Asker: 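Structure incoming, see below.
Please read these numbers as outputs of a predicted model, since none were measured by experiment. Throughout, a chain's letter reflects where its sequence line sits, starting with A, and its residues are numbered from 1.
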There are 2 protein chains.
Amino acid sequence: MSRTPIPKRLKEARDRVGLSQTELGVAAGMDPSGASPRMNQYERDRHVPDFQTVKRIAAVLGYPVPYFYAEDDDLAEILLHLGKMDDDARSTVLADLRKSACRG
Amino acid sequence: MSRTPIPKRLKEARDRVGLSQTELGVAAGMDPSGASPRMNQYERDRHVPDFQTVKRIAAVLGYPVPYFYAEDDDLAEILLHLGKMDDDARSTVLADLRKSACRG
DNA sequence: CTGAATACTAAGGATTCCTTAGTATCTTTG
DNA sequence: CAAAGATACTAAGGAATCCTTAGTATTCAG
């Protein structure tokens, strides 16, 4: 059993952009000589990257950080959609949710 | 500067339910003798709790896990709303977002 | 003020990670 | 196929971080 959703989310995301483990690690600012084992350890659930590392990887991929911590697939997909929106669109989503919350 | 959004999110959440640091830690399954310093270290940004710990705390509070990893306040609030919904309502949100994404 | 509850801190043993030095597997291409 | 290059993967140990212990500081009710 995996310790965090990171291995799964990382692989999903990396496969989509079509980068190697090393390439993604280097793009996220890792030392090129150590990027390969580090990224592999993250994806194989041997080690857990710290928050700053997740943040840099998320930035490279254009994904919101919380996506990598979502165990639920639906919530993960919602986070992907939210990540693609501009601030305005996201504010609208938030406003809608606030209204729904009042009614419900 | 904080290393993760966890201290901020944790304090927000704990203040709302009105539990002490120790109480929340114990409720999340920590050894009562060590719950106080651990929770305090998390809230004061001295240490970062591992994922399983965040998950247990989130479960006690009824918050979705990714909320604790959201730096953006709007996204954090959206996650709170999503956390309060049942699976049906969340599926509807996801379906709406998929449609919006297609329209561009 | 006094006591109880809560918040907080230092320090070190325990745990986990990052780096180094590789091996294994897959994918061309001659 | 065979060789070569790219990609994926692993072990092990020094480096970094955390959890536990043993407290001190602060807040608050009586």
Asker: So do B:Tyr67 and B:Leu80 actually touch side chain to side chain, heavy atoms under 4.5 Å?
Answerer: yes
Asker: Starting from the first five and the last five pairs of the helix from C:dC1-D:dG30 to C:dG30-D:dC1, work out the angle between the resulting helix axes, to 10 degrees.
Answerer: 40°
Asker: For A:Arg14, what residues pass the salt bridge (Lys or Arg N to Asp or Glu O under 4.0 Å) criterion, not counting sequence neighbours?
Answerer: A:Glu43
Asker: What salt bridge (Lys or Arg N to Asp or Glu O under 4.0 Å) pairs are there with at least one residue in residues 81-91 of chain B, not counting sequence neighbours?
Answerer: B:Asp87-B:Arg90
Asker: Roughly how many Å is it from NZ in B:Lys11 to P in C:dC8, rounded to a whole number?
Answerer: 7 Å
Asker: With sequence neighbours left out, write down each residue that passes salt bridge (Lys or Arg N to Asp or Glu O under 4.0 Å) with B:Arg98, or none if nothing qualifies.
Answerer: A:Glu77
Asker: Give, ordered by number, those residues of residues 12-22 of chain A having at least one heavy-atom distance below 4.0 Å to an atom of DNA chain D; if nothing qualifies, reply none.
Answerer: A:Arg14, A:Ser20, A:Gln21
Asker: Whole Å only: how far is the CD atom of B:Gln52 from the C1' atom of D:dC18?
Answerer: 16 Å
Asker: Charged N to carboxylate O below 4.0 Å: is that the case for B:Asp50 and B:Arg56?
Answerer: no
Asker: Of all residues at least two apart in sequence or in a different chain, which pass the side-chain contact (heavy atoms from CB on, under 4.5 Å) check with A:Pro37?
Answerer: A:Gln41
Asker: Please examine the side chains of B:Leu24 and B:Met30, heavy atoms only from C-beta on, and report whether any two atoms are closer than 4.5 Å.
Answerer: no
Asker: Who pairs with B:Ser33 by side chain to side chain donor-acceptor pair (under 3.5 Å), at least two apart in sequence or on another chain?
Answerer: B:Asp31
Asker: Nearest of C:dT6, C:dA7, D:dT10 to any side-chain atom of B:Asn40?
Answerer: C:dA7
Asker: Scan nucleotides 11-27 of chain C nucleotide by nucleotide, 5' to 3', and note B when protein non-hydrogen atoms come under 4.0 Å of the base, S if they reach only the sugar-phosphate, - if neither.
Answerer: B-----BBBBB------
Asker: Tell me the interatomic distance from A:Glu43, atom CD, to D:dT7, atom P, rounded to whole angstroms.
Answerer: 14 Å
Asker: Please list, chain by chain and in numerical order, all residues satisfying ring pair (Phe, Tyr, Trp, His ring centres under 6.0 Å) with B:Tyr69, sequence neighbours excluded.
Answerer: A:Tyr69
Asker: So if I define the base as every atom that isn't primed, P, OP1 or OP2, how would nucleotides 25-30 of chain D read as a B/S/- string at a heavy-atom cutoff under 4.0 Å?
Answerer: ------
Asker: Taking OP1 and OP2 of C:dT9, is either one under 4.0 Å from a side-chain nitrogen or oxygen of B:Arg44?
Answerer: yes
Asker: Distance from A:Asp45 atom CG to A:Ile6 atom CD1, nearest 0.5 Å?
Answerer: 9.0 Å
Asker: Could you note down all residue pairs passing salt bridge (Lys or Arg N to Asp or Glu O under 4.0 Å) where residues 15-24 of chain B supplies at least one of them, sequence neighbours left out?
Answerer: B:Lys11-B:Asp15
Asker: Contact between B:Met85 and A:Leu97 at the side-chain level, heavy atoms closer than 4.5 Å - yes or no?
Answerer: yes
Asker: Can you name the residues that form a ring pair (Phe, Tyr, Trp, His ring centres under 6.0 Å) with A:Phe68, not counting sequence neighbours?
Answerer: none
Asker: How many whole angstroms separate atom CZ of B:Phe51 from atom C1' of D:dC18?
Answerer: 18 Å
Asker: Round to the nearest Å and state the distance from A:Leu24 atom CG to D:dA8 atom C1'.
Answerer: 14 Å
